[in-house]
Q: 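This is the structure, below, for whatever I ask next.
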Amino acid sequence: MSETLSSTPRDDGFRMPAEWEPHQGCWLLWPERPDNWRLGAKPAQQAFVAVATAISEGEPVTVGVSRAQFENARARLPARVRVVELSANDCWMRDVGPTFVTNGRGHLRAIDWTFNAWGGLEGGLYFPWDLDDQVAAKVAELERVPRYRAPFVLEGGAIHTDGAGTLLVTEQCLLNPNRNPGLDKVEIEGLLRAWLGVETVIWLGAGVHLDETDGHIDNLACFVRPGVVALTWEEDPADPQHAISTDALARLQKARDARGQPLEIVRIPQPRPQFISEAESAGIDLSAAAMPRPAGGRLAASYVNFYIGNGIVVMPELDPTRDGEAAAILAKLFPERRILAVPGREILLGGGNIHCITQQQPVGTPG
Ligand code: KQY
């Protein structure tokens, strides 16, 4: 059994590395539930295959899948992708998987956050979520990595680090009473320092307009290297995203990172507003266990929801009129990596994008 630790990562000299540090692999889960994914999740499965295939160009990829879908997933994914049976309630590995931490001696451990489906019974997105809450522990078992079980709710998509002591988060998500109602901002900052080994927490306000996670940072902004933040941007003042991104920009301009340095902020244009169509909505099963997805609802589309892998960046294609500009900005930000664009619409329809469905495993030996 992988060891369960009772200390915190900081006590033991561990910290969360930046996403651009070398990976020994990447984890995903297989989409299946027909009350979140249209047409029995077949179009989403195709999109996940494209993401897994792209990432596997740079690092080993593992996809966790239910017993019922094992053969199908195995047949559709390339042979170089490892497929393991792993129960889950849906497929958001960023949030239900472990956040890996490393120390200066090349050791790797896993943090297993308490997960409540983005809000539990107060606005959570589905019920139950008990299998999701076990995913991080099962990944730690498979990798024989010692595990910290965090006694508070957090999701991997709610945090971004520069790997050098700075963390980006949003107030909308981390201070939401549906996550940790007994904790105030100062207490939450203390926990983030202890569990992620950071010194400086930069608080942005709201996340992307109508983001169903209560404003995950991974759809709004991320570090691309120490001192540089990519921010999703909307020029049109009539679009609610304009005020959200403007507020985030002002906060980032005032902020200093853990080294005491100001940040450079690079704006990435939002895709034009995206809405779920009648046909797309009609393809999703109605169920009391999951949130409805009626036609006409605006989707929280953002190019910032990309994955940084070994030698590559995998970004979603979301709007043919803006995909090229977003790809060009990413190419400038990551001159040493290839930018791979894959269709993002089907993942977006489920409420997230490429960053949300992936979880990197940094290089390190269990220890
Ligand atoms: O933003 C993420 N990290 C996850 C999105 C989850 C959406 C659930 N329907």
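Source: prediction; values computed, not measured. All heavy atoms count here, side chains included; hydrogens, waters and symmetry mates do not. For ligands, and for the atoms within them, numbers begin at 1 and follow the listed sequence.
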Q: Among R94, H23, Q24, find the one that has a side-chain hydrogen bond (donor to acceptor under 3.5 Å, both in side chains) with Q360.
A: R94
Q: Quick one: nearest non-hydrogen protein atom to atom 4 (C) of ligand 1, plus distance?
A: D95 OD2, 3.0 Å
Q: Taking distance alone, with N or O pairs closer than 3.5 Å, would you say T213 contacts ligand 1?
A: no
Q: Is there a path from V81 to I354 through hydrophobic residues (I, L, V, M, F, W, Y) whose side chains come within less than 4.5 Å of each other?
A: yes
Q: For atom 2 (C) of ligand 1, grab the closest protein heavy atom and report residue, atom and distance to one decimal in Å.
A: C356 SG, 2.7 Å
Q: Which part of H355 is near ligand 1, with near meaning a heavy atom under 4.0 Å away: side chain, backbone, both or neither?
A: neither
Q: Using a 4.0 Å cutoff against the non-hydrogen atoms of G350, which atoms of ligand 1 qualify?
A: 8 (C), 9 (N)
Q: Which residue holds the protein heavy atom closest to atom 7 (C) of ligand 1, what is that atom called, and what is the gap in Å?
A: G351 O, 3.4 Å
Q: Would you mind checking if R293 and E212 are paired as a salt bridge, meaning a charged N to carboxylate O distance below 4.0 Å?
A: yes
Q: Does a salt bridge link R345 with E280, judged by any charged N lying under 4.0 Å from a carboxylate O?
A: yes
Q: For ligand 1, which atoms have a heavy atom of R293 less than 4.0 angstrom away?
A: 9 (N)
Q: So which heavy atom in the protein is nearest atom 9 (N) of ligand 1, and how far is it from that ligand atom?
A: E212 OE2, 2.6 Å
Q: Can you tell which part of Q359 has a heavy atom less than 4.0 Å from ligand 1: side chain, backbone, both or neither?
A: neither
Q: Honestly curious: do L168 and V201 fall in one hydrophobic cluster under the side-chain, below-4.5 Å linking rule?
A: no
Q: Is the closest heavy-atom distance from W118 to ligand 1 below 4.0 Å?
A: yes
Q: Answer yes or no: does an N/O atom from D218 fall short of 3.5 Å to an N/O atom of ligand 1?
A: yes
Q: Has R33 got its NZ or CZ under 6.0 Å from the middle of the six-membered ring of Y126, at an angle within 45 degrees of the ring axis?
A: yes
Q: Side-chain contact, heavy-atom cut-off 4.5 Å: L340 with M315?
A: no
Q: Answer yes if the side chains of H355 and E19 hold a donor-acceptor pair under 3.5 Å, and no otherwise.
A: yes
Q: Walk me through it: do E325 and R267 pass the test salt bridge (charged side-chain N to carboxylate O under 4.0 Å, His left out)?
A: CA-CA 11 Å; E325 189 183 347; R267 303 172 205 193; over 6 Å; no
Q: Would you say ligand 1 has an N or O under 3.5 Å from any N or O of L125?
A: no
Q: Relative to the heavy atoms of G157, which atoms of ligand 1 are at a distance of less than 4.0 Å?
A: 3 (N)
